[in-house]
Undergrad: 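Below is one structure. I have some questions about it.
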Amino acid sequence: MQNPRCHFLILLIQLVSIISFFQYIMPISGEDGTNAVKQVDVGIILDMETTVAKVMHTCILLALEDYHAANRSAIRIVPYFRDSKKDDVEAASAAIYLLKDIQVHAIFGPQMSTQTDFVIDLGNRVKVPIISPATSPSLSVKENPYFIRAALPSSSQTKAIAAIVKNYDWREIVIIYEDSPYGTGIVPYLTDALLETSTLVSYRSVISPSANDDQILRELHKMNTMQTRVFVVHLLPSLASRLFLKAKEAGMMRKGYAWIITDVLTSVLDSVDPSVIESSMQGVLGVKPYFPRSHELNNFTKRWRERFRQEYPNMDQVELNVYGLWAYDSITVLAKAVQNVGATAIPEVKKPDAKENLSDLDALGTSELGSLLIDTLQNTSLKRGLSGDFRIIDGELQPSPYQIVNIIGKGERSIGFWTESDGISYKLTMNGKTAKSNNKQLGTIIWPGESTIVPRGWEMPTSGKKLRVGVPVKGGLEQFIKVEIDSKTQAVTATGFCADVFKEVIQSLPFAVPYELIPFRIPDTLTLPDYDDLIYKISSKEYDAVIGDVTILANRSKYVDFTLPFTESGISAVVPVRDDERKNAWIFLKPLKTELWITTGAFFVFIGFVIWVLEHRVNKEFRGPKHKQVGMIFWFSFSTLVFAHRERVTSNLTRFVIIVWVFVVLVLTSSYTANLTSMLTVQQLQPTITNLNDLITNGEYVGYQEGSFVKDVLKRMNFDSSKFKSYSTLEEYNDALSRGSKNGGVGAIVDELPYLRLFLNKYCRKYIMVGPTYKAAGFGFAFPKGSPLVPDVSRGVLKVMEGEFMNNIIQKWFGNETDCPEKDGMAITSDSLTLDSFKGLFLIAGVSAGSALLIFFLIFLYQNKEILDTDDSIWQKLSTIAKVFDEEKDNSNSKSETPEGNESQTATPFAASAASPDILLHLGSQSPEIRISDSLGASHAEEGFSTPEPGTPVHETLTGTNEER
């Protein structure tokens, strides 16, 4: 028997519920005294056959109850639910009914993107906000002013998926998506996000919603024959369940495979049959929008479960998901917007003139309240909503963190998070941002096959398209590339340095790249295809790649993308060396260039002349007959070459000139000695020419490699194309250089450095490389423009070059380069010293001597200014000055420095009267004035003068004519 008190309590609760129900569903449209309750009708369109719709339906009811309970206002929102029954026509019919018959001011739904597309157009027409949880990115908020997206678009998760792929260095993936506008909408966004991480979408698998199990299984078998083992699944739960069951059957849920599911499945994983999860989805990764747990959310979840059991008592256990939370927050935001604009009178829907014969669409009218609501709804926020910070900006729900989960057992386990600003993280901070101390790593993952080892993402395919790789076939230089074709099987194999590098790079990639070699013959004549034509085969899509000794050039990069170079490169020339010049009888002239010899000789004569000018009037060593004075000029200057001069000098200007000149001579002789010693003791490999311009000047023939771009380089350097000769082997190079241009050969071979070094390694004692070296980028592998393989292959090239493999392969194909050290004697331009190296020294010597000469002449002219002041003609003045210049001048310094043995010769009566004044003799009106110094000395006797007796007048001692004097 029941307790009477309990029975009464139950009756009371039921009565209160009935009263609340009638208050809720019966709008009061009139006025009761002074209080007026206004009713705002809102339409709700959901696919009530789906679990997600039932979850959202319960959340919407609770949202309205909570809002009305918290806001005792005079405005009440009345929902009108309509079932779209998974049909676009039903959804459109429901929207027309709500807008025409009920005259709703806003619509929440539909949830399917294809249904929403038509309803949005209706909303724009009647100015009614359409708040839809549809996630297709093809629905544009900007193009539809009355559309409010109340869920995150599926495109917002693509960067999170790409971050997972990048985190594990997977380079190729397969996208599996539904053949519907909803499924195809995510593909371009996901492809772009993956390309930003250098990931290739190797295959797109489109599955129809109506596909049977056999069709799904055939598609899975097709994908299993390919190399990619990473799959991204974007399917609705019902179709995804069938896919994973068949994937298990096809053996694709074992070790080595990786599966990632999008939020459309991860967020409603509880709606999937648990048996499917336990048997066929173990180890799958998933992403879904993250909503933080809170006390309010925990309380709401309990209420929601009770209400859901009341609404749907026959359904199995269903969990609250993010779509339900978004629906709750959306209705809450809508209710607040209604309250804000409803402070004034609620406008009615303007109906068109009923007298007109209108269709259902024409009879919809427009909503004035909708126009007011949309302004508020487009930019609104709900702090601490059930789904977190629920913010709508410009009609779009703003992104929230994504949670990354790993399906284990019957459910899921969180392994990390992703945000737009911080990327991947294992944990989130309290403010919803990723933690900074996690090193951007996810938690421990159990992969398919119960493996803890990260799948590498690829396997060697059992079938599939192979990379078509073009490879040059030529007659020589097989150390770089050699192609052989089996006569029976027609199988193509490539060997050589370039082929070995390519094979090693492909093996180092984190994914399989099956390829087949396609030979391309480089012909022997100039008019047939060359390496440029081989490259163009990629742009014409005949080849997928080109390997070999292909040089990276600017004009080729217009058509293809090159990897990083795996060799150094440059263009230079090889020429024959001259015979050993140590046997040359004139090798002593080699240390100095001709212009330096001439300049040095000229300066010897010039310095000798300057010293004679400065000394011959005051120094007996520089006087005497003309031939003696000329000989002294050459003798004194050239004797400084070996520092053998013995003549004393008396002038300070002379000493200054000699000091500077001796320093110049010292530098010249030291440099000459060092260079001659080097020539005589070190064997020199002298080239027949020193640079490429000599070839043009001499009209030499030039050789180059067949099919090489060097021909175009030579043309740009103004070489005569009629002087070109092409060769293909090292032996042909040697023969052409040995014969020379005059005997049907060439004067030089111009080619890239790798080929020239290989040639010199074999013939180093006969030839030498001359400069300059023109830079080039080196050998590289060519791929089509925009190929995603280029970054990976480039990284593989770097990895191979940094390892020991490169040294081994160089040793294998090119041998020990230390066997011929002379080949690195490099480009010798000249061993002779040039004038440019000594310009500074000659300038100093010239300025010093010239300055001394100038000072001497200024002093001399000053001392003889009386001659310049006369009225004689210029010629007479010059003659007088020349005669005075040629006369010997007594110099006290000269006397004091005269050796004792010569004192008798220089002692004269004039010497005793050194302090007596000059005597001027006027010998007629036409005779020049002659100044006789008191220091004439013994030289007077030589010029016809007799020594006067003491006391005898000087003029009486002069005899002879003016000319004799």
Side-chain angles (χ1 to χ4, degrees), residues 472-481 497-498 520-536 546 548-559 562 565-576 687 689-696 698-737 741 745-763 767-780 782 827:
V473 180
K474 52 186 182 179
L477 297 170
E478 296 176 348
Q479 294 89 342
F480 289 95
I481 190 72
F497 172 76
C498 299
F520 180 89
R521 183 167 296 280
I522 302 296
D524 298 337
T525 60
L526 300 178
T527 58
L528 294 178
D530 55 11
Y531 276 84
D532 288 339
D533 296 277
L534 173 59
I535 293 297
Y536 297 152
V546 166
D549 49 348
V550 180
T551 304
I552 302 172
L553 297 176
N555 64 321
R556 293 175 180 174
S557 64
K558 298 177 181 178
Y559 308 98
F562 285 98
F566 55 88
T567 65
E568 64 172 338
S569 189
I571 302 172
S572 192
V574 166
V575 298
I689 63 169
T690 56
N691 59 62
L692 297 182
N693 291 328
D694 293 343
L695 296 171
I696 302 176
N698 300 334
E700 299 272 1
Y701 283 90
V702 180
Y704 66 95
Q705 186 182 163
E706 290 176 352
S708 174
F709 71 96
V710 173
K711 176 181 63 175
D712 297 328
V713 175
L714 293 174
K715 289 181 179 179
R716 290 196 296 269
M717 296 172 62
N718 297 322
F719 276 87
D720 184 1
S721 59
S722 63
K723 299 290 186 179
F724 293 167
K725 293 186 178 182
S726 62
Y727 304 99
S728 60
T729 65
L730 300 182
E731 291 73 18
E732 291 178 354
Y733 279 6
N734 175 51
D735 179 66
L737 287 172
S741 294
V746 295
I749 293 291
V750 180
D751 209 340
E752 297 178 78
L753 292 181
Y755 304 112
L756 297 183
R757 289 200 173 99
L758 181 62
F759 176 70
L760 291 178
N761 192 39
K762 187 175 182 180
Y763 301 101
Y767 309 104
I768 194 170
M769 194 183 304
V770 297
T773 298
Y774 299 91
K775 294 297 182 182
F779 296 162

Undergrad: Return the minimal non-hydrogen interatomic distance between P576 and G747, and the atom names on each side.
TA: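 That closest heavy-atom pairing would be CD-O, 3.7 Å.
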Undergrad: Side chains of L756 and S572: does their closest heavy-atom pair fall under 4.5 Å?
TA: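 Yes, close enough: below the 4.5 Å cut-off.
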Undergrad: Can you tell me how far the CD atom of E752 sits from the CG atom of D549, to the nearest 0.5 Å?
TA: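 Going from CD on E752 over to CG on D549, the span is 8.0 Å.
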Undergrad: In terms of side-chain geometry, is the basic nitrogen of D720 or K715 positioned less than 4.0 Å from the acidic oxygen of its partner?
TA: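 No salt bridge links D720 with K715.
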Undergrad: Are L730 and L477 side-chain neighbours, meaning at least one heavy-atom pair lies under 4.5 Å?
TA: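 Contact flag for L730/L477 side chains = yes.
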Undergrad: As a quick check of understanding, evaluate side-chain contact (heavy atoms from CB on, under 4.5 Å) for Y531 and V550, giving each step before the final call.
TA: CA-CA 7 Å; Y531 276 84; V550 180; 4.1 Å; yes
Undergrad: State, to 0.1 Å, how close K711 and Y704 come at their nearest heavy-atom pair, and which atoms those are.
TA: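 Answer, listing the atom of K711 first, then Y704: CD-OH, 3.4 Å.
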Undergrad: Would you say the ring centroid of F759 lies under 6.0 angstrom from that of Y763?
TA: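 Ring centres of Y763 and F759 closer than 6.0 Å.
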Undergrad: Quick check: closest heavy atoms across F562 and A782, and the distance to 0.1 Å?
TA: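 Of all heavy-atom pairs spanning F562 and A782, the closest is CE2-CB, 3.8 Å.
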Undergrad: How many angstroms lie between atom CZ of F497 and atom CG of L758, to the nearest 0.5 angstrom?
TA: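 Nearest 0.5 Å value for the CZ-CG distance: 11.5 Å.
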Undergrad: Under a 4.5 Å cut-off applied to non-hydrogen side-chain atoms, are E731 and N734 in contact?
TA: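 Side chain of E731 against side chain of N734, heavy atoms only: no contact under 4.5 Å found.
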Undergrad: State, to 0.1 Å, how close G703 and Y727 come at their nearest heavy-atom pair, and which atoms those are.
TA: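 For G703 and Y727, the tightest heavy-atom pair comes out as CA-CE1, 4.0 Å.
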Undergrad: Can you tell me how the ring of F719 sits relative to the ring of F724, calling it parallel under 30°, perpendicular over 60° and tilted otherwise?
TA: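 Geometry flag for F724 against F719: tilted rings.
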Undergrad: Is it the case that the ring center of F480 lies less than 6.0 angstrom away from the ring center of Y755?
TA: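 Ring-ring flag for Y755/F480: true, centres closer than 6.0 Å.
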Undergrad: Salt-bridged, R757 to E568, with N to O below 4.0 Å?
TA: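 Salt bridge between R757 and E568, a charged N being under 4.0 Å from a carboxylate O: yes.
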Undergrad: Determine whether T551 and R556 make a side-chain contact, defined as any pair of heavy atoms from C-beta on separated by less than 4.5 Å.
TA: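 Heavy-atom side-chain distance check passes, below 4.5 Å.
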Undergrad: Checking side-chain polar atoms at under 3.5 Å, does Y767 have a donor or acceptor matched by the opposite partner on K762?
TA: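 No, because no side-chain N or O of Y767 sits under 3.5 Å from a partner of the opposite role on K762.
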Undergrad: Rounded to the nearest 0.5 Å, what's the gap from CG on D712 to CG on D530? Could you check?
TA: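 Between D712 CG and D530 CG, I get 7.5 Å after rounding to 0.5 Å.
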Undergrad: Using side-chain contact (heavy atoms from CB on, under 4.5 Å), reason through L737 and V574 one step at a time and then give a plain yes or no.
TA: CA-CA 9 Å; L737 287 172; V574 166; 4.1 Å; yes
Undergrad: Would you confirm whether S728, through its side chain, and G476, through its main-chain N or O, come within 3.5 Å as a donor-acceptor pair?
TA: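 No, because the side chain of S728 does not come within donor-acceptor range (under 3.5 Å) of the backbone of G476.
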Undergrad: Of all the heavy-atom pairs spanning Y733 and Q705, show the shortest one and how long it is.
TA: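 Closest approach of Y733 to Q705, heavy atoms only: OH-CB, 3.3 Å.
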Undergrad: How long is the gap from OH on Y701 to NZ on K723, to the nearest 0.5 Å?
TA: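 Interatomic distance, Y701 OH to K723 NZ, rounded to 0.5 Å: 4.0 Å.
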Undergrad: Less than 4.5 Å apart, any side-chain heavy atom of F520 and any of V473?
TA: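 The answer is no, as the side chains (C-beta and beyond) never meet within the 4.5 Å cut-off.
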Undergrad: Between Y536 and Y559, does the ring centroid distance fall short of 6.0 Å?
TA: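 Yes - the distance between ring centres of Y536 and Y559 falls below the 6.0 Å cut-off.
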Undergrad: Given V702 and V746, is the side-chain contact (heavy atoms from CB on, under 4.5 Å) satisfied, shown in steps?
TA: CA-CA 5 Å; V702 180; V746 295; 5.8 Å; no
Undergrad: Do you know which two heavy atoms are closest between A777 and S569, and how far apart they sit?
TA: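 Reported closest heavy-atom pair: C-CB, 4.2 Å.
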Undergrad: Within this structure, what is the CG-OG distance for the pair D532 and S708, rounded to the nearest 0.5 Å?
TA: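 One finds 9.5 Å between CG of D532 and OG of S708.
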Undergrad: In Å, rounded to the nearest 0.5 Å, how long is the span from NZ of K558 to CD1 of I535?
TA: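 CD1 of I535 is found 14.5 Å from NZ of K558.
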Undergrad: For the residue pair I571 and T773, establish whether any side-chain heavy-atom pair is separated by less than 4.5 Å.
TA: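 Side chain of I571 against side chain of T773, heavy atoms only: no contact under 4.5 Å found.
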